[in-house]
Structures are given as C-alpha cells and as structure tokens.
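Atoms within a ligand are numbered from 1 in the order they appear, just like the ligands themselves.
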Amino acid sequence: MKKQKKIYIVDVTNRDGVQTSRLGLAKLQKTMINIYLNEMGVYQSEFGFPVTRHETNYLNANLELARIGALKPIILSGWVRAIREDVEKACKLTKVENLNLSISTSDQMINGKFMGKFSKEDVISEMTEAVDTAKRLGIKLIGVNAEDASRTDLDYLIKFSRAAKKRGAARIRYCDTLGYDDPFTIYERVKLLAEEVKLPIELHCHNDLGMVVAVSLAGAKAAIDAGVDAYINTTVNGMGERAGNADLVSVILAIKYSSGFKGRYVLDEHVKLSRAWKIAKYASYAFGVPIPINQPGVGANAFAHESGIHADGALKDRRNYELYDYEELGRGEPEIIETGRQITAGEYSGIKGFRNVYEKLEIKFKNEKEATNILDLVRYANVHTQQPLIEDELRFIAKYPDIAKKIFTMAP
Ligand SMILES: [Zn+2]
C-alpha cells in the first residue's frame, strides 16, 4: 500500500525569526526554542546560520544536545546560501548534518540582486555545485530553497528543481518570499511543480498581504494532491521578516480543524498541540513581543465570551462558539505569579540569593564549588538575555553546565 502523504512542520523561528529587524534571541533562548519544539514533536528546526561566526558555538552545542539525546528526535538544519564556499565553511565551522541551500530564482532578484553577476543558467550551476559539495562533505539532508519562487517563471522553477533533484536534493523549498501568492495561485503553481519534479515541497510563506496561513495550507494541499509530502515552514507567534511568517500554532489548528482539511489532510502525528501555550508564551517573553489579544489559540481572547448570546451559548455547549478546546492547547492551568518579595537571578546576583532561587526549584548542589560554577553560568546567561531567567532556563543550566558554557561563549 502506498504510504499516506503528510504535512510536516519545519519551524524557522531560529532563522527567519531572529534575522528580522528589531527582533533577536540570545543563544540560550534559541536553545530553549529548539528544546520546546522538540517537546512539541515538531519535525525539524532550522536552527541557525552555520557560516555566521557568533553562531558556531551555539550550533555545535545544540548538535551535542542532539547526540546525547536531549534534543531528539527533532532534525536540526542550518541555512546557507547555495554557493560552494558557504557549504564548505558551514562544514568546517560546525558539525551540522542537514542544510538548506538558498538562492534567488526570480528575474526580479536575478537582475535586481545579482546585477549581472549570475545569469539564470549560472544560478542553476551555482546551486548544483553547492549540492554536490554538500553531498561530498557528508550532509545527510539537503534542501534546496528557491528564493522568491512565487515570482519565478514556472518553467524555469521546474528546470531548477529538476536539476536539484538530479544532484540529490531531498526537498524543494518554495519561498513566497514577499507574501505575493494567494491560496489559489500557490495551489496551481505548487501542484504543477510537484507533479513535474516529484520531490517533497516545503512551503515558506510570508504575511505581507495577510494570507500567510491560508497560503501555506493551500501550498501543502497542492503538494499532497500531487502525491508528495508537504513541509510547512512556521515560526512561533509568526515572528519573521516584515509582516512575519506562518504562525506555528495557527498552522496546526488550521490543518486539524478547518472544514476542508479536517479528516482529509494528515498532520504529522507526533505534533503535540498541548505544548502550544508554553512555547507561545516563552517566545513572547524571549522576543519581548506580546501575544496579540486576538491571536488564534493562544491570545487572551481566544476563548473569551462576553456578549449575552455568545456567553450563554458557549456555556450550554462549547461547540456552539468554539471549534476546539482550550485544554488541548495546554491552557487552563492557573499561573502562579509571585506578588510579594521576589529574588531573581541576574548578572550581578550573589550566592545567597541565587541559592534561594534554585531551592525554590528543588535543585540541590553537591558542594560549594558546583554552586559557584552554576552561579557563574547564570550570570553569563543574564548578560546575554538581559531579563530574569525562567525556571526552565535555570534548570537547563544546572543540568547541562558544560553545554551551557559553550552556548554562552562567543569568540570574535
Ligand atoms: Zn523568509
């Protein structure tokens, strides 16, 4: 029997999310996002930039977490330009095993960005050389990204994708880089692309016209209708370039509960929506960007009813006014907020206050030396995050001090 085609999630918060203007995450926060994505059962995290020097220790430390089983089974993949030099440098600086290789394919960008440096043929040969290099250097999963695919001549995109497949690429990432597609155009284009190339398709979409979740789903539907797997690129809370990317929780909800997808299109069964609340809250804290009150699933008003008819209806039967349950998203537990004295751990904390913070977490240290060592790391962590560490971050540092130390270390 033919295996049923599915929709998988590739989260790009740690790549698109952090490259965004005015948004950034400390390396510890990026690590926590990887850990939460893994706990949530997300298939893959595009966890950073292997040719960017300040990422090196963070990337290698996270790969080490994967090796010791603390970040498993999530696939960690890096993002580089589809040129030989970048692939070589990525493999030299890091132990990265999976790479996405990206190059622009639209006439607009080939003319407007490369300014005559590359012709359309050159773009294909640069890309195939990069794929060959990745293969030679032992990269396991090679994805090829067509930047600005939605404004790319479709015949050329098919030719480009066939060349990538021939060299051993496992997937084609269709990038709607400017959020130009609508659900109908992306469906038609991706369907044809997938039928012609017969490779799994990644949908990387942006929200410039406010349609990003719908466009991502329409692209996924096209891939599956054409007989290949679909991979939707998401970010936590939709953080990403300009108007952002497809919000992770919204995408999951839309696949599970929209009228045309529910029961027909299958989401990777490992995804646990029950972690939605936790990861959305964490990303909001780490980015310093509040969750909008009307955000699907995780916004403060997502399950709030006030008007007479709605409140009465929701109380009689939740299905009157709710498509899905708040409990399913991990909501509903009361949150304990300390309103009296608080001792927080920061970059200038001393050993006594710090002991108090860890005692509350019921974490004990073997001796003074270990306590001092962890305190030192917590101070460094705070230098990076510039806000009080949350419990999971404190636990992480106490559990993996050596790896945490690497994450905090950046040598220019
Ligand atoms: Zn993007």
Inset, instruction - Determine, using ring centers only, whether Phe408 and His384 are less than 6.0 Å apart. - result: yes
Legend entry - Test of ring centre spacing under 6.0 Å for Phe303 and Tyr324: yes
Inset, instruction - For the Zn ion (ligand 1), decide whether Cys175 has an N, O or S atom at a distance under 2.8 Å. - result: no
Inset, instruction - Could you confirm whether Glu241 has any N/O/S atom lying under 2.8 Å from the Zn ion (ligand 1)? - result: no
Inset, instruction - Considering only NZ, NE, NH1 and NH2 on the basic side and carboxylate oxygens on the acidic side, decide whether Lys140 and Glu97 come within less than 4.0 Å. - result: yes
Inset, instruction - Kindly assign one of parallel, tilted or perpendicular to the pair His305 and Tyr321, based on the angle between their ring planes and the thresholds 30° and 60°. - result: tilted
Legend entry - Of all N/O/S atoms in Asp16, the name of the one nearest the Zn ion (ligand 1): OD2
